[in-house]
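Note sheet for the following structure.
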Amino acid sequence: QAAVRFGLASLDFELRYRHFEKVDLDRIGLYGRRLVADNEAGSPPAVAGDVAVIETIWDRIAHTLSG
């Protein structure tokens with residue numbers, strides 16, 4: 001979990017140098033890892049929160065992606 005939190009924080013800094021779509025795709029990957037960890041920990045509320053965040057990020061960038 002700490003590694004995921006660190007990764008998410010570092011992505012905020014990368015926004016100055018990378019396209020937000022690519023940063024958001026990386027965020028989805030990190031939240032996917034968090035989702036797996038929360039599921040393994042047996043925390044349904046945390047899993048639901050992770051899914052909600054992934055869906056929100058996806059809705060924000062889906063129109064910018066091709067294919």
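Computed from heavy atoms alone, side chains included, the values below leave out hydrogens, waters and symmetry copies.
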Q: Kindly work out whether a path of hydrophobic side-chain contacts (I/L/V/M/F/W/Y, heavy atoms less than 4.5 Å apart) joins Leu11 to Phe6.
A: no
Q) Going only through I, L, V, M, F, W and Y residues with side-chain contacts under 4.5 Å, is there a path from Val36 to Val4? A) no
Any side-chain heavy atom of [X] sitting closer than 4.5 Å to one from [Y]?
X     : Y     : answer
Asp38 : Gln1  : yes
Arg60 : Ile57 : yes
Leu8  : Tyr31 : yes
Thr64 : His19 : no
Ile61 : Phe20 : yes

Q: Look at Asp12 together with Arg27 and state whether they make a salt bridge at an N to O cut-off of under 4.0 Å.
A: yes
Q.
Between Leu65 and Trp58, does the side-chain contact (heavy atoms from CB on, under 4.5 Å) criterion hold? Intermediate values first, please.
A. CA-CA 10 Å; Leu65 304 173; Trp58 180 254; 3.7 Å; yes
In Å and rounded to the nearest 0.5 Å, what is the [atom1] to [atom2] distance from [X] to [Y]?
X     : Y     : atom1 : atom2 : answer
Asp26 : Arg18 : CG    : CZ    : 4.5 Å
Ser10 : Leu30 : OG    : CG    : 7.5 Å
Leu35 : Glu40 : CG    : CD    : 10.0 Å

